[in-house]
Amino acid sequence: MRVLIIGGGGREHALACCLAKSSRISEIVCTPGNAGTAALGRNAVVNAADHDALLRFAQDESIDLIIVGPEQPLCDGIVDKFQAAGLRIFGPTAAAARIEGDKAYAKMLMRRAHIPTAEAHVFDRHQDARDYVASREAGVVVKAAGLAGGKGVFVCPDPADAMLAVDSIMVAGEFGDAGRTVIVEELLKGQELSVFALVDDRTIYVLDTAQDHKPIGEGDTGPNTGGMGAISPAPIATADVMATVEREVLVPIVDALRSDGAPYRGLLYVGLMLTAGGPKVLEFNCRFGDPETQALLMRLDSDLLDVIEAVVDGRLAETEIKWNPKSAVTVVMASEGYPGPFERSKTIEGLDVAGSMNDVRVFHAATRRIGGRVITTGGRVLGVTALGAGLAEAKRLAYEAVDVIRFDNAYCRRDIADKAIAAAAARA
Ligand code: AMP
Ligand code: GLY
């Protein structure tokens with residue numbers, strides 16, 4: 001079987017690594033891919049925004065299964081188009097992906113289905129948003145309703161900053177059309193958790209747990225990023241929390257989508273805040289999270305191809321997924337300056353040594369091979385991932401591997417997993 005993966009980050013390399021273990025796969029093609037995916041199969045250059053070109057490519061290459069990594073092509077309807085052409089593709093239709101692509105829609109569905117989430121107001125008019133923010137004394141969160149590459153959310157403990165955020169989204173047009181509608185919501189406090197579920201219209205299969213580390217700085221300080229590290233399992237995701245999320249969030253949202261004529265098939269990601277009043281939804285995503293997927297898939301003992309095909313073919317109810325009981329820690333090595341401006345094209349050294357360490361896997365995110373060298377091409381460069389008997393051992397191994405990898409201006413947080421390790425020690 002020939003598989004095409006659309007995307008080129010750490011998530012896609014982790015998916016490709018898992019699929020490469022499947023005996024039924026003859027070739028993995030990735031577009032655009034990175035130096036990591038190139039080593040497992042082949043990278044192809046196809047304009048990702050041009051779905052006709054992607055479709056022609058998949059047909060010309062006799063691709064049997066397509067897996068879509070990022071949200072943009074899903075929200076733009078790539079699944080609808082490929083399915084109409086008779087291809088097998090993993091991911092939700094545009095109508096179902098709207099759960100991520102339109103935060104106002106997601107809020108409306110949540111409200112209708114009584115799903116716990118931050119209280120929110122939706123504004124299409126700038127002055128209305130300003131008037132509302134001016135009436136608030138407590139901090140708020142201001143969000144562009146559309147897709148903004150993870151940058152359209154402003155957490156504003158000071159309402160004065162919320163006013164600036166509303167202006168930059170709605171007047172300066174920082175996110176273009178994605179900011180035509182703005183959501184102003186209650187600022188929730190607590191620890192964040194990502195819950196991943198596979199969904200095939202009706203069946204919901206909740207995956208093992210993982211947690212992201214979003215802020216750039218140690219101790220969870222500084223601006224939010226796409227994620228600077230991840231752990232799996234996530235000790236804060238207790239059986240109780242997971243049962244609550246399944247009952248109060250996943251079941252009602254999957255029902256609500258189906259009743260809305262948008263049955264969900266693919267990976268549904270719930271971003272949650274574990275508040276004193278229970279788990280509350282921050283957002284839904286219509287795809288695997290990154291870097292959480294790197295830590296999570298490191299622990300997958302089943303054949304990922306079987307799992308993905310079960311979703312695509314609507315056989316999820318018959319599927320069982322096995323997880324390695326060990327813990328995984330992913331440390332993201334980034335380019336200094338990210339999530340702001342940073343330099344690229346730095347040569348990365350030490351990849352082979354790190355990659356040959358036991359229970360270590362270096363997932364590539366923003367890398368490219370040029371001749372005999374691998375260079376950096378973006379902000380989040382690598383996801384150095386290790387398995388250990390517990391989180392502390394996985395963390396030690398991950399940083400041992402990080403320490404043999406070098407590139408100019410490399411930056412990583414040194415405290416990935418610490419909060420979970422400390423919490424576990426306090427409980428013991
Ligand atoms: P989102 O893309 O909506 O998940 O927002 C990105 C990040 O902003 C989240 O991962 C949280 O760290 C933060 N955030 C979003 N909504 C809220 C909220 N209502 N209260 C506190 N933090 C939030
Ligand atoms: N790690 C956050 C995300 O994938 O959206």
Side-chain angles (χ1 to χ4, degrees), residues 7 9-12 14-15 69-72 74-75 97 99-107 110 115-122 136 138-158 161-162 165 169 175 178-179 181-196 210-217 220-232 234 249 267-277 279-297 330 332 334 339 363 365 379-380 383 416:
R11 163 183 55 209
E12 287 76 19
L15 289 165
E71 62 277 13
Q72 189 76 55
L74 294 167
C75 292
I99 195 81
E100 171 165 4
D102 180 354
K103 286 178 191 281
Y105 175 68
K107 275 287 173 194
M110 282 192 271
I115 291 171
T117 182
E119 223 179 279
H121 290 77
V122 177
R136 297 277 311 204
V140 289
V141 180
V142 180
K143 303 182 176 185
L147 287 185
K151 295 193 179 123
V153 175
F154 297 84
V155 179
C156 308
D158 179 348
D161 293 333
I169 298 174
F175 307 105
T181 299
V182 149
I183 293 155
V184 183
E185 67 180 40
E186 165 197 15
L187 200 164
L188 299 174
K189 296 247 169 1
Q191 276 211 65
E192 277 184 56
L193 173 68
S194 319
V195 171
F196 294 173
Q211 193 179 15
D212 196 0
H213 292 62
K214 283 192 192 247
I216 186 74
D220 287 338
T221 52
N224 268 342
T225 67
M228 293 303 296
I231 59 172
S232 176
V249 179
L267 187 289
L268 182 58
Y269 165 138
V270 195
L272 297 147
M273 190 72 90
L274 302 186
T275 73
K280 293 193 177 176
V281 177
L282 297 176
E283 63 167 343
F284 289 104
N285 291 326
C286 61
R287 35 97 193 154
F288 283 99
D290 199 10
E292 299 96 308
T293 297
Q294 301 177 45
L296 186 63
L297 289 186
T330 298
V332 170
F363 295 117
R380 291 191 292 165
I416 302 303

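Heads up: numbering here begins at 1 and tracks the sequence. One-based numbering, in listed order, for ligands and for the atoms of each. Keep in mind that this is a model prediction, so the values were computed, not measured. Values reported hereafter were calculated over all heavy atoms of this structure, with side chains retained and with hydrogens, waters and symmetry mates removed.
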How about Gln294 and Thr330: does a side-chain donor come under 3.5 Å of a side-chain acceptor? no
Shortest non-hydrogen pair, Cys75 vs Cys286, comes out as SG-SG, 4.4 Å
Nearest heavy-atom contact between Ala165 and Cys156 is CB-SG, 4.4 Å
Tightest non-hydrogen contact, residues Val140 and Ala162, listed as CG2-CB, 3.4 Å
protein heavy-atom neighbour closest to atom 10 (O) of ligand 1 works out as Glu192 OE1, 2.6 Å
Should the ring pair Phe196 and Tyr269 be called parallel, tilted or perpendicular, given that the plane angle runs from 0 to 90° and is split at 30 and 60?
-> tilted
Lys214 heavy atoms within 4.0 Å reach ligand 1 at atoms 10 (O)
min-distance protein heavy atom vs atom 7 (C) of ligand 1 -> Asn224 ND2, 3.7 Å
min-distance protein heavy atom vs atom 3 (O) of ligand 1 -> Lys143 NZ, 2.8 Å
Q.
Between Val153 and Asn224, is the side chain to side chain contact (heavy atoms under 4.5 Å, CB included) condition met? List the steps.
A. CA-CA 9 Å; Val153 175; Asn224 268 342; over 6 Å; no
Which of Glu283, Glu185, Glu186 passes salt bridge (Lys or Arg N to Asp or Glu O under 4.0 Å) with Lys107? Answer is Glu185
The closest protein heavy-atom partner of atom 2 (O) of ligand 1 is Glu283 OE1, 3.0 Å
- Looking at ligand 1, does any of its N/O atoms fall within less than 3.5 Å of an N/O of Met273? no
Numbered in order shown, the ligand 1 atoms found under 4.0 Å of a heavy atom of Glu185 are 16 (N), 17 (C), 18 (C), 19 (N)
Ligand 1 atoms nearer than 4.0 angstrom to some heavy atom of Leu187 are 20 (N)
If you scan protein heavy atoms around atom 21 (C) of ligand 1, the nearest is Leu188 O, 3.3 Å
Residues with a heavy atom under 4.0 Å from ligand 2, by chain and number, are Asp212, Lys214, Gly226, Tyr269, Asn285, Arg287, Gly289, Asp290, Pro291, Glu292
Please assess Leu297 against Arg11 for the test side chain to side chain contact (heavy atoms under 4.5 Å, CB included), listing each intermediate value before the final yes or no.
-> CA-CA 9 Å; Leu297 289 186; Arg11 163 183 55 209; over 6 Å; no
**Prompt:** Under the side chain to side chain contact (heavy atoms under 4.5 Å, CB included) criterion, do Asp212 and Glu192 qualify, and how do the steps go?
**Reply:** CA-CA 8 Å; Asp212 196 0; Glu192 277 184 56; over 6 Å; no
Closest non-hydrogen atoms of Ala104 and Ala145, given as atom of the first, atom of the second and distance, are N-CB, 4.3 Å
Atom 8 (O) of ligand 1 has as its nearest protein heavy atom Val153 CG1, 3.4 Å
Using side-chain heavy atoms (C-beta onward) and a distance below 4.5 Å, is Ile99 in contact with Leu268?
yes
shortest atom 23 (C) of ligand 1-to-protein heavy-atom contact is with Leu282 CD2, 3.9 Å
Between Ala148 and Phe175 the two heavy atoms that sit nearest each other are CB-CD2, 3.6 Å
Heavy-atom proximity to atom 14 (N) of ligand 1, picking from Asn285, Val281, Val155, points to Val155
Near Ala118 (heavy-atom distance under 4.0 Å), the atoms of ligand 1 are 19 (N)
Residues Pro215 and Thr225: closest non-hydrogen pair is C-CG2, 4.3 Å
When distances are taken from atom 18 (C) of ligand 1, the protein heavy atom at minimum range is Val141 CG2, 3.4 Å
Is Lys103 in contact with ligand 1, taking contact as a heavy-atom separation below 4.0 Å?
-> yes
